There are 2 protein chains.
Amino acid sequence: MNIGEVSEAAGLPAKTIRYYEEIGLIAPLRGGNGYRRFTEAHLHKLAFIARARSLGFSIEQCRTLLALYEDRGRASADVKAVAQTHLGEIDAKMAELTEMRRVLADLVHACAGDERPDCPILTGLAAPVTGD
Amino acid sequence: MNIGEVSEAAGLPAKTIRYYEEIGLIAPLRGGNGYRRFTEAHLHKLAFIARARSLGFSIEQCRTLLALYEDRGRASADVKAVAQTHLGEIDAKMAELTEMRRVLADLVHACAGDERPDCPILTGLAAPVTGD
DNA sequence: ATAAGGCCTCCAGTCACTGGAAGGTCAAGG
DNA sequence: CCTTGACCTTCCAGTGACTGGAGGCCTTAT
């Protein structure tokens, strides 16, 4: 397969696949014309990466997961550890966003949103709201 | 004030303040020795930016908010629009994270996490779980 | 012969910093 | 007066994970 076909099949832009090759995530063959040639195994790997990425795993985590995937002697505990680390990262981001959302929603709620200049959002940013 | 003092007061690294100057967010004065000189007004602006950034506003949104903050003839509706756009971005990210978390937590839950190689996380990444 | 579309490489840009090198400035102590 | 150390300066490069574009080769169809 050429890059266009795997791109379509894996749901990844061709540019991204070239980038993955550049950073050593995949190693497609080359045809006599210089075109990358992909096998089914390459496609599987790319689809694996695409799914891992869509779950938010970093490229380095994907690299680790791929290595574990291809290591028949792996311990599932090692996989689980990577996934749990990532789950923790997701939870941390969610907590951060939740807190942002809470504060921001309060400010938005307090703002009249008309043509007058008075704006609790701006005063809230100029000085944090305290309990006083 | 020198940069170290405002850095301390605004809670922003000196590097970040220099960066903000480079992109035109603030324009400190210069002393004869070439050092940046900051006034109270500069400090206020930096604190404003720091709070907006901590709520997740992008630099460009901060630039807009600062301009509105300094425009006495602003309409609060304009401020509210920026904040609501950002609220929407936060909600979109939260939805994305929530979905990631849901799928990932299922996979983690299904994984024994012992020294055996069988791992639902890896099989789930190799082929998405379908309802079949 | 040519036109369209796919493929190639290389370079630059994104966002918001962050790290580090090389060097100038300032206040205090010896 | 000299040194030490803290503070400041600029400039360059790197982060993560791509993305866009220029310029050019390859293939297939008309």
Side-chain angles (χ1 to χ4, degrees), chain A residues 1-38 42-43 45-46 48-66 85-86 89-90 92-93 96-97 100, chain B residues 1-38 42-43 45-46 48-66 85-86 89-90 92-93 96-97 100:
Chain A
M1 288 175 279
N2 283 344
I3 201 167
E5 201 175 339
V6 274
S7 166
E8 181 77 14
L12 288 170
K15 277 249 165 184
T16 298
I17 296 173
R18 292 196 194 99
Y19 170 70
Y20 287 169
E21 180 186 18
E22 193 186 319
I23 62 171
L25 265 192
I26 42 155
L29 308 167
R30 291 288 174 144
N33 53 9
Y35 285 19
R36 289 169 183 81
R37 306 278 323 269
F38 296 83
H42 288 129
L43 177 51
K45 262 177 118 165
L46 284 169
F48 182 99
I49 296 166
R51 279 183 215 110
R53 290 287 302 131
S54 79
L55 289 184
F57 285 102
S58 73
I59 291 285
E60 286 316 305
Q61 285 171 329
C62 288
R63 200 188 294 278
T64 304
L65 289 172
L66 259 185
T85 295
H86 181 43
E89 292 161 358
I90 289 178
K93 260 188 208 149
E96 201 186 339
L97 286 176
M100 282 180 184
Chain B
M1 286 173 279
N2 283 344
I3 201 168
E5 201 175 341
V6 273
S7 165
E8 182 77 13
L12 288 171
K15 278 252 166 183
T16 298
I17 296 173
R18 291 194 195 100
Y19 171 69
Y20 288 167
E21 180 186 18
E22 193 186 318
I23 62 172
L25 265 192
I26 41 154
L29 308 167
R30 292 288 175 143
N33 53 11
Y35 285 19
R36 289 169 183 81
R37 305 279 320 269
F38 297 83
H42 288 130
L43 176 53
K45 262 177 118 166
L46 285 170
F48 182 99
I49 296 167
R51 279 183 215 111
R53 292 286 301 131
S54 80
L55 289 184
F57 285 102
S58 73
I59 291 285
E60 286 317 304
Q61 285 170 329
C62 288
R63 200 189 295 277
T64 304
L65 290 172
L66 259 184
T85 295
H86 181 44
E89 292 160 358
I90 288 177
K93 259 187 209 151
E96 202 187 337
L97 285 176
M100 282 178 183

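Keep in mind the model is a prediction, meaning the values are calculated, not measured. Within every chain, numbering begins at 1; the chains are lettered A, B, ... in the order of the sequence lines, protein sequences first and strands thereafter. Just the heavy atoms: all of them, side chains too, but no hydrogens, waters or symmetry mates, feed the values below.
Rounded to a whole Å, the CG atom of A/N2 is 10 Å from the P atom of D/dT28. In this structure, the CD1 atom of A/I3 is 20 Å from the P atom of D/dC25, given to the nearest Å. In this structure, B/I17 atom CD1 and C/dC17 atom C1' are separated by 13 Å, rounded to whole Å. For B/E21 and D/dT9, the CD to P distance is 8 Å, given to the nearest whole Å. Between the CD atom of B/E8 and the C1' atom of D/dA6 there is a distance of 14 Å, rounded to whole Å. One atom, CD1 of B/I49, and another, C1' of C/dC15, lie 16 Å apart when rounded to the nearest Å. Remark: P of C/dC17 and CD of B/E22 are 12 Å apart, rounded to the nearest angstrom. Rounded to whole Å, atom C1' of C/dA16 lies 12 Å from atom CZ of B/R63.
The residue among A/F57 and B/R36 whose nearest nucleotide of DNA chain D lies closer to the 5′ end is B/R36. Annotation: of the two residues near DNA chain C, B/G32 and B/I59, the 5′-most nearest-nucleotide partner is B/I59. Each of B/Y35 and A/N33 was assigned the nucleotide of DNA chain D with the nearest heavy atom; the assignment lying further toward the 5' end belongs to B/Y35. Between A/E5 and A/K15, the residue anchored closer to the 5' end of DNA chain C is A/E5, taking for each the nucleotide with the nearest heavy atom.
Here the closest heavy-atom approach between residue A/N2 and residue A/R36 is recorded as OD1-O, 3.6 Å. Scanning both residues, A/L43 and A/A9, for their nearest heavy atoms gives CD1-CB, 3.7 Å. The shortest heavy-atom contact between A/I3 and A/A14 is CD1-O, 3.5 Å.
Among the heavy atoms of the strands lying under 4.0 Å from B/R18 is at least one base atom, whether or not backbone atoms are also near. A/Y20 comes within 4.0 angstrom of sugar-phosphate atoms only, judged by non-hydrogen atoms across all strands, and of no base. Contacts of A/R37 with the nucleic acid, taken as non-hydrogen atoms under 4.0 Å apart, are absent. No contact: A/I23 has no heavy atom under 4.0 Å from any strand.
For B/S58, counting side-chain heavy atoms from C-beta on, the closest listed nucleotide (C/dC7, D/dT10, C/dA16) is C/dA16. Closest to the B/T16 side chain, of the nucleotides C/dC17, D/dC18, C/dC8, is C/dC17.
Between the side chain of A/Y19 and the base of D/dG16 there is no donor-acceptor pair of N/O atoms closer than 3.5 Å.
Checked for salt-bridge contact, B/E60 and B/R63 meet the test: a charged N lies under 4.0 Å from a carboxylate O. The residues B/E21 and B/R30 are annotated as salt-bridged, a charged nitrogen and a carboxylate oxygen being separated by less than 4.0 angstrom.
Checking the phosphate oxygens (OP1, OP2) of C/dT9, a side-chain nitrogen or oxygen of A/R30 falls inside 4.0 Å.
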